[in-house]
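Below is one structure, written out as structure tokens; comments come after it.
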Amino acid sequence: MDESTLTFLRRVYRGHYFQHHNLVGIPSQIQAREFGYIPFGGGMIRHLSFKNPGELVAELVKQAPSSVYCSNAIYERPTLQMDEKGWLGAELIFDIDADSIPTPCKARHNWWYCSSCKKGGMGAKPAKCPKCRSPALEQVQWSCRECLNATKEHVKRLTDFLTGDFGVSEQAIRLYFSGNRGYHAHIQDERFERADPQMRAEVANYIRGNGLSLRLSPQDSKTTGAGISLGWRKRSDLFITSKASAYGKRQTQKLTEEIITANAALIDESVTTDIHRVFRMPGTLHGNSGLLKMRVEGIDSFDPQRDPVVLGGEKVKVHVDFSPEFSLNGINFGPYDSSTVQIPIYAAVFLTARGLGQILAG
Ligand SMILES: [Zn+2]
Ligand SMILES: [Zn+2]
């Protein structure tokens, strides 16, 4: 990334944290958390600790980092190396990302990029860059309203598992937009706080329907009487009832797969099982998009292309190497192919923070 773009990004992020430090989601038990951040143009710095919210916010304004992280775990000694920290417990966290939800639209908007000569193109990456012959091309995931809506559907499925199957109260589920293309659910339920990675893996596998075997007889469920069926059993009964005419012609295995596809929440199990991870901190800017990781109160009304846009709308001049169309704050931008444009700060950050362009004047 060139120096003028780095300077621009640092200035915008610093200005944001200076003006909007009230948005930063201060974690509970702040002194027992491990913090980390990635500076623009630098590598991850971890094992930090802050005594109080004021100290944390002052550091954000001073460093203007690209990304800020906080542990879901609480530790006796958060600044020491992992095996010396003294793990005391960790909130249960789920991550659902648009990239991992299979949607047909992906084939239309995935694209590739050559970091050597900055050429890009739509579709699957070719073996070599057609311009400079470099073989090191990057396949880029992009998202549209269709895949963002599909991601919401999986969030709702997750909430249904947590409340219906695990008895988590709705108030205990804190849902956040990740600042990029997904959602994080932080579960404030003491029952899970001391859970080890194996137990967290069992919860994650259940929700994903991994290794699920169902006894698929609609007769059974009727005879268990009074409509009492729970968990995956209930989901499978509902599915079979709704597809009654098709049932009976299908193989059990195929039907099981269909039931799982129609009901499982595709959470990232590696996130849920890691009890020493640092997570993007609520109320901070995503380092690749400039969008806010923010609390989502109602998933249906949340607009991931509008609500997390918190940076300014003043126009800046940018050279964009390549970008397909995208929508932010109700405005459609692009597509761009080696274009010089005047666009709002939030759109300029969205592109340049990903390395897709350079600031010419800002
Ligand atoms: Zn190239
Ligand atoms: Zn899409």
Side-chain angles (χ1 to χ4, degrees), residues 1-2 5 94-158 175-184 208 261-268 286 288-291 293-294 296 299-309 318-340 346-347 350-358:
M1 199 176 283
D2 67 296
T5 304
F94 298 95
D95 173 74
I96 295 182
D97 199 87
D99 294 353
S100 53
I101 315 286
T103 47
C105 56
K106 293 214 161 64
R108 292 198 301 272
H109 55 64
N110 282 350
W111 55 284
W112 59 270
Y113 185 67
C114 173
S115 51
S116 326
C117 75
K118 302 186 189 302
K119 184 172 174 56
M122 299 306 294
K125 64 178 182 181
K128 276 181 185 169
C129 174
K131 191 174 166 192
C132 75
R133 314 306 296 164
S134 163
L137 303 182
E138 192 190 334
Q139 186 73 55
V140 188
Q141 307 277 335
W142 213 235
S143 49
C144 69
R145 198 150 283 275
E146 195 177 327
C147 35
L148 292 171
N149 284 340
T151 314
K152 282 186 172 186
E153 172 61 30
H154 282 255
V155 170
K156 288 195 233 177
R157 293 180 186 182
L158 170 64
L175 185 64
Y176 296 91
F177 175 64
S178 71
N180 198 14
R181 285 188 286 273
Y183 296 88
H184 298 160
R208 288 181 58 94
T261 303
N263 290 281
L266 291 181
I267 53 169
D268 180 343
H286 196 290
N288 291 335
S289 70
L291 301 177
K293 171 168 176 176
M294 67 180 292
V296 175
I299 185 72
D300 284 316
S301 58
F302 181 75
D303 183 346
Q305 293 172 317
R306 186 188 286 270
D307 296 336
V309 178
V318 188
H319 177 83
V320 187
D321 298 313
F322 187 85
S323 170
E325 251 185 299
F326 60 98
S327 169
L328 282 180
N329 216 19
I331 301 173
N332 290 325
F333 297 94
Y336 302 122
D337 191 351
S338 196
S339 324
T340 297
Y346 59 79
F350 185 80
L351 292 169
T352 58
R354 276 164 220 262
L356 302 177
Q358 302 84 45

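Just so you know, ligand 1 is whichever comes first in the structure, and atom 1 is the first atom listed for that ligand.
In this structure, the ring of F322 has its center no less than 6.0 angstrom from the ring center of Y113. Taking the ring centroids of F177 and F302, they lie under the 6.0 Å cut-off.
With salt bridges taken as basic N to acidic carboxylate O contacts below 4.0 Å, one links R108 and E146. Remark: K156 engages D300 in a salt bridge, criterion side-chain N to carboxylate O under 4.0 Å. A salt bridge does not link D268 with R208: none of the charged nitrogens is closer than 4.0 Å to a carboxylate oxygen.
Taking the Zn ion (ligand 1) as the apex, the angle formed with SG of C114 and SG of C129 is 110°, to the nearest 10 degrees. Seen from the Zn ion (ligand 1), atom SG on C117 and atom SG on C132 lie at an angle near 110° (rounded to 10 degrees).
Paired with Q358 under the rule side-chain hydrogen bond (donor to acceptor under 3.5 Å, both in side chains), one option of T5, D321, T340 passes, and it is D321.
Side-chain N/O atoms of R181 and Q141 include no donor and acceptor closer than 3.5 Å.
Around the Zn ion (ligand 2), the protein atoms of type N, O or S found under 2.8 Å away are C105 SG, H109 NE2, C144 SG, C147 SG, listed by chain and number.
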